[in-house]
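Structure first, then comments.
All chains are named by letter (A, B, ...) in the order of the sequence lines, taking the proteins before the strands, and each is independently numbered beginning at 1. Note that these values count all heavy atoms, side chains included, but never hydrogens, waters or copies made by symmetry.
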There are 2 protein chains.
Amino acid sequence: MAIQDVEHCDCTEIHQKTVDQVLAQMPEEDVLYDLAELFKVFGDSTRIRILFALYGADICVCDLAETLNMTQSAVSHQLKILKQSRLVSNRREGKQIYYFLTDDHVRRIIAQGMEHVTE
Amino acid sequence: MAIQDVEHCDCTEIHQKTVDQVLAQMPEEDVLYDLAELFKVFGDSTRIRILFALYGADICVCDLAETLNMTQSAVSHQLKILKQSRLVSNRREGKQIYYFLTDDHVRRIIAQGMEHVTE
DNA sequence: TGAACATATGAACAGTTATTCATATATTTA
DNA sequence: TAAATATATGAATAACTGTTCATATGTTCA
């Protein structure tokens, strides 16, 4: 999966000017990596379902599992990933832990995606 | 990976009202699936790099491979996925095939993601 | 303090996916 | 038409990932 420095292109005629211009405007590799990692988090049905469930209300793990018809363990594993990406946060209330969307970024990203999907 | 109808939750006290409300506002399963599939396409460094390369200009496969330091085959495989998701389109010009972003949806989705990543 | 409850987590397994390699298709040009 | 060039694609492999199962952690209440 890593980008290797291989003999990459067997074409004879490269438009070097185009290549240089494109390279000049590309973001840094680590930004591209982080961006891909972010979208990867959205790129799973379970996590999308969790994010939608949290769209309008704070919910505890147990209710999430019930709502999405999943095991508590599976939900917890995915919540961990969502939390590491700072898409969701949580707070404890007694025995239960409530999760919620960290901020409106998530809603906007999802909204943009929905526009593409439902057009 | 499929959502199974298992005994999902061993909690005693479910907030049924919350569960029902959340379920009522969830999009259809197939919309959620499509949305996850869309983000999955963005969730790979190679494809993100291709999309950024196409951000400002139409580029042929060969120049893409050169720009991204990849084999032509790997680029073609990923372009196929991007095309199936209608994120990119292409046109032939003689021997070469130029790829370009289908519309501004892609740019907006990427822009939203960048906001989250670079904050 | 101990039992019950809610959540988190590590290991293992199964399914998925990106790249490579070899080769096929399609266009141009000599 | 044959050769050269540009792109596409199928099969195989290696790496990655989501779920399950078993269990650990942390909180409340009797």
Legend entry - Heavy-atom pair with the smallest gap, counting every atom of A/Ile50 and A/Leu68: CG1-CD1, 3.5 Å
Inset, instruction - Using the closest heavy atom to pick a nucleotide of DNA chain D for each, name whichever of B/Asn90 or A/Gly43 lands nearer the 5' end. - result: B/Asn90
Inset, instruction - Map A/Gln96 and A/Lys80 onto DNA chain C by nearest heavy atom, then report which one ends up closer to the 5' terminus. - result: A/Gln96
Legend entry - Short N-O contact, B/Asp58 and B/Arg91, less than 4.0 angstrom: yes
Inset, instruction - In whole angstrom, give the distance that lies between atom NE2 of B/His77 and atom P of D/dA11. - result: 11 Å
Legend entry - Length of the CD-C1' vector between A/Gln72 and C/dA8, whole Å: 7 Å
Legend entry - Euclidean distance, atom CE of residue A/Met70 to atom C1' of C/dA6 [Å, nearest integer]: 17 Å
Inset, instruction - Return no unless some side-chain N or O of A/Gln78 is found under 4.0 Å from OP1 or OP2 of D/dT19. - result: yes
Inset, instruction - Examine D/dA6: is either OP1 or OP2 under 4.0 Å from a nitrogen or oxygen in the side chain of B/Tyr99? Give yes or no. - result: no
Legend entry - Nearest-angstrom distance from the residue atom OH of B/Tyr98 to C1' of D/dA6: 11 Å
Inset, instruction - Return each pair, listed once, that meets ring pair (Phe, Tyr, Trp, His ring centres under 6.0 Å) where at least one residue sits in residues 64-115 of chain A; pairs must be two or more places apart or across chains. - result: A/His105-B/His116
Inset, instruction - For D/dC21, take OP1 and OP2 only and decide whether either is under 4.0 Å from a side-chain N or O of A/Thr71. - result: no
Inset, instruction - Scan B/Leu64 against the nucleic acid and name what it touches under 4.0 Å (heavy atoms): base, sugar-phosphate only, or nothing. - result: nothing
Legend entry - Distance-only donor-acceptor test (3.5 Å): side chain B/Ser73, base D/dT9: yes
Inset, instruction - Quick one: closest heavy-atom pair of B/Cys60 and B/Gln96, and the distance? - result: SG-OE1, 3.9 Å
Inset, instruction - Give the rounded distance in Å between these two atoms: CG of A/Leu79 and P of D/dT17. - result: 18 Å
Legend entry - Separation of atom NZ in B/Lys95 from atom C1' in C/dT27, rounded to whole Å: 7 Å
Inset, instruction - Mind checking B/Lys83 for me? I need base, sugar-phosphate or nothing, with any heavy atom below 4.0 Å counting as a touch. - result: nothing
Inset, instruction - Look at the side-chain N and O atoms of B/Thr46 and state whether any lies under 4.0 Å from the OP1 or OP2 oxygen of C/dT19. - result: yes
Inset, instruction - Please report, rounded to the nearest Å, how far the C1' atom of D/dT5 is from the CG atom of B/Asp63. - result: 14 Å
Inset, instruction - Give a yes/no verdict on a cation-pi contact between B/Arg107 and B/Tyr55, requiring under 6.0 Å between NZ or CZ and the six-membered ring centre and an angle within 45° of the axis. - result: yes
Legend entry - Whole angstrom value for the distance that separates P of D/dG26 from CD of A/Glu93: 20 Å
Legend entry - side-chain N/O A/Arg92 vs C/dA6 OP1/OP2, d < 4.0 Å: no
Inset, instruction - Consider the side chain of A/Cys62, meaning its heavy atoms from C-beta on, and name the nucleotide among D/dG18, C/dA18, C/dT7 that approaches it most closely. - result: C/dT7
